[in-house]
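Beneath this line is the structure, given in structure tokens, with notes to follow.
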There are 2 protein chains.
Amino acid sequence: MCSAIDTGRIDALDRIVTHVQFRPGQTVFDEGDLAPYVYNISRGHVRLFKLLQDGRRQITGFLNPGDFLGLAARKTYAYSAEAISDADLCRFKVTELEELLTEMPPVRERLYEMANDELAAAQEQMLCLGRKTAKERVASFLIGQLRHAADCGAGDAAFDLAMSRSDIADYLGLTIETVSRTFTALREEGLIGLPTTHRVSIPDVAALEFATEG
Amino acid sequence: MCSAIDTGRIDALDRIVTHVQFRPGQTVFDEGDLAPYVYNISRGHVRLFKLLQDGRRQITGFLNPGDFLGLAARKTYAYSAEAISDADLCRFKVTELEELLTEMPPVRERLYEMANDELAAAQEQMLCLGRKTAKERVASFLIGQLRHAADCGAGDAAFDLAMSRSDIADYLGLTIETVSRTFTALREEGLIGLPTTHRVSIPDVAALEFATEG
DNA sequence: CGTTCAATTGAGTCTGTTCAACAGCGGTGG
DNA sequence: CCACCGCTGTTGAACAGACTCAATTGAACG
């Protein structure tokens with residue numbers, strides 16, 4: 001429950017946590033909102049994104065169970081967050097969490113590491129968005145999803161996508177059509193299998209990795 | 001000197017610091033190198049970037065005097081760093097810096113904030129790379145440079161670019177030619193002035209800001 | 001004053017977009 | 001049970017923005 005806060009102190013956390021639920025597409029918070037809360041995902045998936053005035057959207061990341069949400073926020077959130085699927089989140093008041101944190105310097109250090117990991121991921125994504133072709137972007141995305149599925153213990157090189165083609169497009173800086181075409185191109189080349197629209201199998205991981213270039 | 005470490009303890013820092021100099025184009029460190037050092041820039045500018053196998057480059061950021069370099073590193077650097085101009089850097093051994101840090105929790109907190117600021121910048125850049133047009137990207141870049149120049153006290157809406165067109169292109173996910181063409185287009189529209197190739201004036205900041213969209 | 005490298009400009013090409021039609025699938029209600 | 005609807009995803013054809021390749025201009029430096 002509220003997995004991932006390393007050791008002990010679960011009791012202290014229990015006292016300040018609120019459980020909140022979201023339906024697919026529901027907003028957790030919007031960019032620019034005051035940021036009184038931090039969340040941890042116990043079930044479901046969340047997308048983080050930024051919008052331009054005219055509605056163009058860039059998804060900056062997808063969150064999975066165990067991930068934190070809103071940690072980076074200073075006074076206001078720097079991005080919007082929506083549930084992709086049905087999701088259960090644990091909500092903490094930042095102020096109360098801060099109190100606990102000052103008692104636990106190692107946790108603070110852990111948060112710092114997490115921020116750095118996120119930063120490294122963001123830089124990798126910049127490389128993807130700025131310099132990779134559509135095919136390379138989709139391949140990179142799929143390898144990333146595979147890695148995540150592997151961490152979660154899925155042995156076989158196959159996994160389900162929690163997000164729609166539209167989400168993938170907005171994550172990779174492409175259009176839905178290009179993502180769809182690239183999926184079928186990869187399938188026709190034998191680099192991936194698509195048992196259903198939201199399930200992907202990867203017969204030869206090394207081959208797909210090669211298609212990501214860098 | 002080694003500006004920007006908030007308060008006191010300059011003496012302690014002095015004991016563990018080494019001053020290193022770099023010529024334009026010189027490598028500070030490469031992606032994947034072991035990361036024993038953290039740097040602070042006392043003079044000059046540095047570019048951070050990642051490469052693909054075939055040489056395609058994505059610049060993830062430019063650093064200015066006062067900025068830190070290599071903080072985010074875990075065991076190895078996640079990106080390469082090169083001096084753009086002549087640069088003086090203060091070098092610290094991570095291990096020694098860590099010792100000081102444990103004595104100074106507020107500094108650690110400050111580092112965390114800095115990482116979060118970097119993360120927010122990275123997300124803004126993702127929006128730029130994934131969803132903005134060439135013109136919008138260049139406009140965003142120029143506004144960013146202007147903001148930085150303004151922070152440094154330049155009152156007028158004009159500033160010098162520390163980096164080449166090639167660096168700008170690799171930062172914005174464009175080619176040199178497109179950057180150049182976009183500069184002239186913005187000039188012909190009266191949105192910017194170009195007294196010299198490396199100097200930009202912005203007669204109407206709001207107008208240029210409008211050209212950045214989002 | 002010539003060399004060299006960076007930046008600009010031009011012409012043609014291509015990758016990915018746009019616009020549009022169609023297929024698949026789940027849900028709903030007659 | 002199945003026709004209808006709405007939504008997501010796929011496919012096709014034409015278009016456009018940025019790229020590639022090439023030539024020219026400009027600026028810095030010896």
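Predicted model only: the values in this text are computed from it and were never measured. Every chain is numbered from 1 and lettered A, B, ... according to where its sequence line falls, protein lines coming before strand lines.
- Between B:Ser164 and B:Arg181, it is B:Ser164 whose nearest contact on DNA chain C lies nearer the 5' terminus.
- Closest approach to the B:Glu177 side chain among C:dG10, C:dA20, C:dG16 is made by C:dG10 (side chain taken as heavy atoms from C-beta onward).
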Checklist line | Chi angles and distances behind the side-chain hydrogen bond (donor to acceptor under 3.5 Å, both in side chains) call for B:Lys50, B:Ser80 | finding: CA-CA 6 Å; B:Lys50 292 171 80 83; B:Ser80 305; over 6 Å; no
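- Between the C1' atom of D:dC19 and the CG atom of B:Asp170 lies a distance of 14 Å, rounded to the nearest Å.
- Regarding contacts with the backbone of D:dA18, every side-chain N or O of B:Thr178 stays at 4.0 angstrom or more from both OP1 and OP2.
- Side-chain N/O atoms of A:His198 include one lying less than 4.0 angstrom from OP1 or OP2 on D:dG9.
- Relative to the ring axis of B:Tyr171, B:Arg47 does not place its NZ or CZ within 45° and under 6.0 Å from the centre.
- Per the geometry, CD1 belonging to A:Ile176 stands 13 Å off P belonging to C:dC19, to the nearest Å.
- Both cation-pi conditions hold for A:Arg165 and A:Phe183: the charged atom is under 6.0 angstrom from the six-membered ring centre and inside a 45 degree cone around its axis.
- For B:Thr175, whose side chain is taken as the heavy atoms from C-beta onward, the closest listed nucleotide among D:dG9, D:dA18, D:dT20 is D:dT20.
- With the nearest nucleotide of DNA chain D identified for both B:Thr197 and B:Gly173, B:Gly173 has the one nearer the 5' end.
- Atom CZ in B:Arg131 sits roughly 11 Å away from atom C1' in C:dG16 (whole-Å rounding).
- You'll find the side chain of B:Phe62 stays beyond 4.5 Å of the side chain of B:Leu48, heavy atoms only.
- Summarising the geometry, the separation between CG on B:Leu161 and P on C:dA7 is reported as 10 Å, rounded to the nearest angstrom.
- Straight-line distance from the CZ atom of A:Arg165 to the C1' atom of C:dG16: 18 Å, rounded to whole Å.
- Rounding to whole angstrom units, NZ of residue A:Lys132 and P of C:dT15 are separated by 18 Å.
- In this entry the distance linking CZ of B:Phe183 with P of C:dA7 reads 10 Å, nearest Å.
- At least one side-chain nitrogen or oxygen of A:Thr184 sits closer than 4.0 Å to the OP1 or OP2 atom of D:dT11.
- Looking only at side-chain heavy atoms (C-beta outward), B:Ile143 and B:Arg147 come within less than 4.5 Å of each other.
- Look at CG on B:Leu194: it is 7 Å from P on C:dT8, rounded to the nearest Å.
- Residue-level contact check: B:Thr196 touches neither bases nor backbone, having no heavy atom under 4.0 Å from any strand.
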